[in-house]
Number of protein chains: 2
Amino acid sequence: MTVSKTAEKSSEKPADTAKGRKDAAEGSGEALQLGELSEQLGYVLKRAQLKVFENFLRCMASLQLTPAQFSVLLLVEKNPGRNQTEIASTLGILRPNFVAMLDNLESRDLCARIRSTNDRRSHILVLTDKGKAVLARAKKLVATKHEARLNDLLGPSNREALLGMLSKIANEF
Amino acid sequence: MTVSKTAEKSSEKPADTAKGRKDAAEGSGEALQLGELSEQLGYVLKRAQLKVFENFLRCMASLQLTPAQFSVLLLVEKNPGRNQTEIASTLGILRPNFVAMLDNLESRDLCARIRSTNDRRSHILVLTDKGKAVLARAKKLVATKHEARLNDLLGPSNREALLGMLSKIANEF
DNA sequence: TATTGTTATACTCTATAACTATA
DNA sequence: TATAGTTATAGAGTATAACAATA
């Protein structure tokens with residue numbers, strides 16, 4: 001099966017905010033007013049997340065890695081010798097859904113399942129040599145193209161502050 | 001692909017000094033190290049977004065409104081007299097997918113489609129009286145339960161800074 | 001009996017093509 | 001011809017139940 005299709009970007013893009021307007025008359029070509037929507041953290045958070053993932057995919061086009069796949073490779077590299085359940089649950093992926101994902105990565109020779117000698121029910125996960133090489137290239141692409149662009153947009157200290165607040169929400173909310 | 005793994009059941013107990021450990025002991029009950037993952041903005045952004053939506057749904061359980069439905073009601077209230085295409089595209093919803101969403105809101109008597117007299121192809125969207133009342137209650141719930149909790153977690157000025165950075169990403173990235 | 005990996009399945013979101021009725 | 005709303009459909013992502021092998 002095809003691992004990925006040449007995903008065209010034809011999704012809808014949101015209109016810009018137009019300040020200082022009153023109720024729109026029917027049929028007018030004017031931009032809509034977002035109103036309170038632009039103050040809803042959840043709304044803005046979702047839009048930002050879509051933009052960031054979109055850019056991530058563009059930056060990783062040459063390696064054909066999705067954000068989820070990248071996170072799996074990173075976690076397996078950092079935690080060699082762990083089984084599927086441990087890696088999946090840490091990433092918030094349900095075990096049944098992790099199977100096809102691993103099938104994909106394994107078919108591309110990026111990682112491998114190894115039957116554990118301690119507990120023959122478990123599959124220990126490790127990166128292959130190719131997986132390590134691809135991950136190294138991926139990290140470089142992410143750092144120089146993706147995260148660097150975020151840095152340009154926000155500034156390093158703001159980017160760090162943003163990361164801190166998002167982590168706080170992710171961990172304590 | 002060789003993997004040197006000789007892990008015994010009773011493994012050694014390496015401290016989580018990020019430096020001194022290469023192989024994680026197999027089967028150890030230790031928590032995994034996120035490593036570079038916790039510095040990936042996209043990863044943290046996604047986790048935070050899931051948490052925020054989850055909390056939103058809990059706060060709105062009594063009104064049975066999803067974040068997407070809430071955003072539609074807000075936008076229709078702020079922009080009465082606009083048609084489906086305008087509302088949907090502003091929210092980044094594709095027109096075909098907007099149909100079922102509107103069917104739902106209309107069946108609950110929260111909003112109504114009105115055939116335009118100017119262009120009989122268009123459906124003008126408006127909130128019903130019940131829709132306005134429900135939206136008012138929803139706004140109050142969001143403000144007092146949802147956004148207020150974000151405020152408690154981050155502090156008002158941090159929350160505002162977070163919103164600003166996310167908006168910048170959503171609009172300029 | 002409980003757990004690991006797996007299959008099957010279903011439901012939501014998102015995306016594209018094509019139809020209809022108007023323009 | 002082009003556009004608004006719609007239908008059908010396909011693909012991801014996510015969720016639960018259940019089964020075989022193993023503990």
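The shown structure was predicted, so the numbers you read here are calculated from the model rather than taken from an experiment. Every chain is numbered from 1, with letters handed out A, B, ... down the list of sequences. What you see below is based on every heavy atom in this structure, not just the backbone, and it leaves out hydrogens, waters and symmetry mates.
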For [X] and [N], what is the distance between atoms [atom1] and [atom2] respectively, to the nearest whole Å?
X      : N      : atom1 : atom2 : answer
A:I114 : C:dT4  : CD1   : P     : 18 Å
B:L91  : C:dT14 : CG    : P     : 11 Å
B:I93  : D:dG5  : CD1   : P     : 13 Å
A:E54  : C:dT14 : CD    : C1'   : 13 Å
B:F53  : C:dC13 : CZ    : C1'   : 12 Å
B:N104 : C:dC11 : CG    : P     : 16 Å
A:Q84  : D:dA21 : CD    : P     : 17 Å
B:E86  : D:dT3  : CD    : P     : 14 Å

message = Can you identify which nucleotide, out of C:dT6, C:dA15, D:dA4, has its nearest atom closest to the B:T85 side chain?
response =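 Looking only at side-chain atoms, B:T85 lies closest to D:dA4.
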Go through D:dA15, C:dA23, D:dT6 for me and flag the one nearest to the B:R113 side chain.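 Taking heavy atoms from C-beta onward, the closest nucleotide is D:dT6.
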- request: Looking at every strand, decide which applies to A:R95 at a 4.0 Å heavy-atom threshold: base, sugar-phosphate, or nothing.
  value: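 Base contact.
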Requested in this report: Tell me which of B:R120 and B:P96 sits closer to the 5' end of DNA chain C, going by the nucleotide each one is nearest to.
Outcome: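 So the residue in question is B:P96.
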Can you tell me if B:S122 touches the phosphate of C:dT22, counting only side-chain N or O atoms and a distance under 4.0 Å to OP1 or OP2?
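For C:dT22, OP1/OP2 do not have a side-chain N/O of B:S122 under 4.0 Å.
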task: Would you kindly compare A:N97 and A:R121 by the position of their nearest DNA chain D nucleotide and give the one closer to the 5′ end?
output: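 Looking at the nearest nucleotide for each, A:N97 comes out on the 5' side.
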Handout entry: Intermediate values then yes/no, salt bridge (charged side-chain N to carboxylate O under 4.0 Å, His left out), A:E36 and B:K78
Key = CA-CA 9 Å; A:E36 304 170 59; B:K78 186 72 176 182; over 6 Å; no
task = Could you tell me the separation between the CZ atom of B:R108 and the CG atom of B:L63, rounded to the nearest 0.5 Å?
result =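 B:R108 atom CZ to B:L63 atom CG measures 8.5 Å (nearest 0.5 Å).
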* To do: For residues B:G131 and B:T128, report the shortest heavy-atom separation together with the two atoms involved.
  =>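 Distance-wise, the nearest heavy atoms are N-OG1, 2.8 Å.
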message: What I'd like to find out is whether the side chain of A:R82 reaches to under 4.5 Å of the side chain of B:E30, using heavy atoms alone.
response: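 The answer is yes; the side chains approach within 4.5 Å.
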| Can you find a donor-acceptor N/O pair under 3.5 angstrom joining the side chain of B:D119 to the base of D:dA4? |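 It does not, because no donor-acceptor pair links the side chain of B:D119 to the base of D:dA4 below 3.5 Å.
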Q: Flag yes if more than 12 heavy atoms outside A:R149 fall under 6.0 Å of its CZ atom; otherwise flag no.
A: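 It does: A:R149 CZ has more than 12 such atoms within range.
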